[in-house]
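Here's the structure we're looking at; comments come further down.
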Amino acid sequence: MDFRLLVPAVMVWSVTACGLVAPVGVSVGIAIIGSVVAVAGAFGSRRFGWGVVGLVVVGAGLAAACAASLALRQEVRADHPLAHVSGKATAVMTLRSDPTPIGPVGQGRIRARVEVEQIGGQRVTSAAADLRGAAQAWSGLLPGQRVVAVVKVRAPPDRTLLVASVTASTPKLVGEPPTYQRVAGSIRQRLQLVATRGLEPEAAGLLPGLVIGDESGVDEDLRDDFRAAGLSHLTAVSGANFAIVCGAALLIVRSIGVPPRAAAVIGLVVIVGFVMLVRPTPSVLRAALMGAVGVLALFASRRSQSMPALGAAVIGGLLWWPELALQPGFALSVAATCAIVLWAPRLRDRLRAWRCPTGLAEVIAMAVAAQVVTAPIVVLVTGRLSVVGIVANLLVAPVVAIISVVGTVAALVGAIGPPDGVGAGIAELLVRALGPELWWMVRCAHVLGGPGWASVDMPWA
């Protein structure tokens, strides 16, 4: 197993997290120290060789680059005109995420990530901000949509690179979103439509969450039971979604004789297309990186190739989106991937030695390894421990892949033609076929997550 790229990944992660919580001067200092260490190590390699010294040079160099980039972004944030606005202003913004409901049900508020491009009549450097607004005015808008609105400016959230938080009035639309966002929005809406037609209410709201991460229709009681049962990761787009969908596509193309290089290109196209479908937000792109690592681990001829791929994914993700360093979802994805790569094969072999069927052994090994390793992170973040998490994930594991693959096909086919056309009819049949699997998942969540003892508060919570 090749762990060499994980050392620079850990260094980049540590530097990024430190830079986000510390003043700008800390990032500058780290950049200087990292540069000095990298240069000194390069000269020292002539004497000591490129073994351990190479890791030090690469790690220190990447850490210096990361710290320098972070310091520049922090300076840009501090100097941005929006950061110095007090009170209200008229802003031109582009949505970078779907408006999602926040707060208690019925409160009618949404939250979205936006890029501010203009303040009043002044063009400014594009910068990210956190937007809050009335659901009635903002719901249904697509990422990529430019709007003009009067905003009330406040200080940004801590430990982010956002320039401000803004509360916006009713927006005035400017132009249309990009074509790919309109297509993705149409596919998402059509999946909701055919799910509503073909399934019971709870299952109809759950299916889009399992397939494309659209949790807007998930029943609140079901959401709470999913959380208590340790299944909430299934209703958000994760690396597992990408691994399942892209893995299925690769299996199909390889089974019909497509050469490995061509299959790799097709896999890349599938990943990009899936990202467009579920929205290219930072969290989705992080999941795409982790999903790509999962596909590599599944199809690599040598298992050792997966750890360098994971290290590269971590480094690339953090250099491009530094805020991932403090996001629990990023840590959960990395930890789960490490567990699946390092310990799941050993557990699988042990189960097979106990005469457990191969397919069942694979499912149990992956579920147990991921759940055990990620449980401490979940406890630290939420303050609660799911007592039934391993059992629940084992019980639903056999149907997750079926729902992901068939649901994705239904979403794509259902978008062809009018809402009452042939494509929508075929999609509805596919969705109806998923009824038993969705019923099983709903029942597992209610039975295991419903009791009060399903999850317990930790003493420090």
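- Partners of Arg132 under the salt bridge (Lys or Arg N to Asp or Glu O under 4.0 Å) rule, at least two apart in sequence or in another chain, are Asp130.
- The two residues Ala204 and Leu199 come nearest to each other via the heavy atoms N-CB, 3.9 Å.
- Residues that satisfy the salt bridge (Lys or Arg N to Asp or Glu O under 4.0 Å) test with Asp224, not counting sequence neighbours, are Arg227.
- In this structure a side-chain-to-backbone donor-acceptor pair under 3.5 Å is present from Arg190 to Gly414.
- Gln192 contributes no side-chain N or O that, together with a main-chain N or O of Gly217, makes up a donor-acceptor pair within less than 3.5 Å.
- A search for salt bridge (Lys or Arg N to Asp or Glu O under 4.0 Å) contacts involving Arg350 returns nothing, not counting sequence neighbours.
- Every residue meeting the side-chain contact (heavy atoms from CB on, under 4.5 Å) condition with Ala168, not counting sequence neighbours, appears here in chain and number order: Leu131, Trp138, Ala149, Val151.
- Looking at heavy atoms from C-beta onward, Val373 lies out of side-chain contact with Cys338 at the 4.5 angstrom threshold.
- Within the 4.5 Å cutoff, no side-chain heavy atoms of Ser14 are placed close to those of Met11.
- Summarising the geometry of Asn393 relative to Ala229, their closest heavy-atom pair is ND2-O, 4.5 Å, with the distance given to 0.1 Å.
- Of all the heavy atoms in Glu115 and Ala128, the pair that sits closest is OE1-N, 3.6 Å.
- The backbone N or O of Ala228 sits less than 3.5 Å from a side-chain atom of Ser386, completing a donor-acceptor pair.
- Listed by first then second residue, pairs satisfying side-chain hydrogen bond (donor to acceptor under 3.5 Å, both in side chains) with a partner in residues 434-451 read Glu202-His446, Asp225-His446, not counting sequence neighbours.
- Each salt bridge (charged side-chain N to carboxylate O under 4.0 Å, His left out) pair with one or both residues in residues 141-151, not counting sequence neighbours, appears once here: Glu117-Arg146.
- Atoms CG and CZ, on Leu82 and Arg77 in that order, are 12.5 Å from each other to the nearest 0.5 Å.
- Partners of Val378 according to the side-chain contact (heavy atoms from CB on, under 4.5 Å) rule, which considers only residues two or more places apart in sequence or in another chain, are Leu332, Thr382.
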Could you go step by step and tell me if Ile402 and Leu434 meet the side-chain contact (heavy atoms from CB on, under 4.5 Å) rule?
CA-CA 8 Å; Ile402 298 173; Leu434 291 175; 4.0 Å; yes

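- Looking at every heavy atom in both residues, Ile102 comes nearest to Ile110 through CD1-O, 3.9 Å.
- A donor-acceptor pair under 3.5 Å links the side-chain atoms of Ser169 to the main chain of Val150, judged by distance alone.
- Between Leu351 and Ala365, the closest heavy-atom pair is CD1-N, 4.3 Å.
- No side-chain heavy atom of Pro419 sits under 4.5 Å from any side-chain heavy atom of Gln189.
- Of all heavy-atom pairs between Asp219 and Asp221, the closest is OD2-N, 3.0 Å.
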Begin with the C-alpha distance, continue with both residues' side-chain angles, and end with the deciding distance and a verdict on side-chain contact (heavy atoms from CB on, under 4.5 Å) for Ile403 and Leu438.
CA-CA 8 Å; Ile403 294 173; Leu438 291 166; 3.8 Å; yes

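- We find the CE-CD1 distance between Met276 and Ile187 to be 12.0 Å, quoted to the nearest 0.5 Å.
- Atom CD of Glu215 and atom CG of Asp98 lie 12.0 Å apart (nearest 0.5 Å).
- Residues Trp13 and Phe330 place their aromatic rings such that the two centres sit under 6.0 Å apart.
- For the atom pair Thr16 OG1 and Leu318 CG, the distance stands at 5.0 Å (nearest 0.5 Å).
- A distance-only check finds no donor-acceptor pair linking the side chain of Ser404 to the backbone of Ala401 [under 3.5 Å].
- If you take CG on Leu326 and SG on Cys18, they are separated by 10.0 Å, rounding to the nearest 0.5 Å.
- Using a 4.5 Å heavy-atom threshold, the side chains of Val442 and Leu222 count as touching.
- For Thr160, the side-chain contact (heavy atoms from CB on, under 4.5 Å) partners are Pro157, Leu162, Glu323, not counting sequence neighbours.
- Heavy atoms of other residues, nucleotides or ligands lying less than 6.0 angstrom from CZ of Arg352 number 12 at most.
- Pairs of residues two or more places apart, or lying in two chains, that qualify as salt bridge (charged side-chain N to carboxylate O under 4.0 Å, His left out) and include a residue from residues 168-179 are Glu176-Arg182.
- By the neighbour-count criterion of 12 heavy atoms within 6.0 Å, atom CD of Glu200 is sparsely surrounded, having that number or fewer from other residues, nucleotides or ligands.
- Residues Leu161 and Leu20 have side chains in contact (heavy-atom distance under 4.5 Å, counting atoms from C-beta outward).
- Within the 4.5 Å cutoff, side-chain heavy atoms of Leu173 are placed close to those of Leu141.
- A donor-acceptor pair under 3.5 Å is absent between the side-chain atoms of Thr170 and the main chain of Ala137, judged by distance alone.
- Here the side chains of Leu394 and Val368 are in contact, with some heavy-atom distance below 4.5 Å.
- For residues 407-421, no pair satisfies side-chain hydrogen bond (donor to acceptor under 3.5 Å, both in side chains), with sequence neighbours left out.
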Could you pull out all donor-acceptor pairs under 3.5 Å where a side-chain atom in residues 448-455 meets a protein atom, sequence neighbours excluded?
{"residue": "Ser455", "atom": "OG", "partner": "Arg384", "partner atom": "NE", "Å": "3.1"}
{"residue": "Ser455", "atom": "OG", "partner": "Arg384", "partner atom": "NH2", "Å": "2.5"}

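- Of the residues Arg109, Arg154, Lys88, Lys152, the one that meets the side-chain hydrogen bond (donor to acceptor under 3.5 Å, both in side chains) test with Thr167 is Arg154.
- In this structure, Leu191 CG and Thr196 OG1 are separated by 9.0 Å, a value rounded to the nearest 0.5 Å.
- Annotation: side-chain contact (heavy atoms from CB on, under 4.5 Å) contacts of Val387 (sequence neighbours excluded): Val456.
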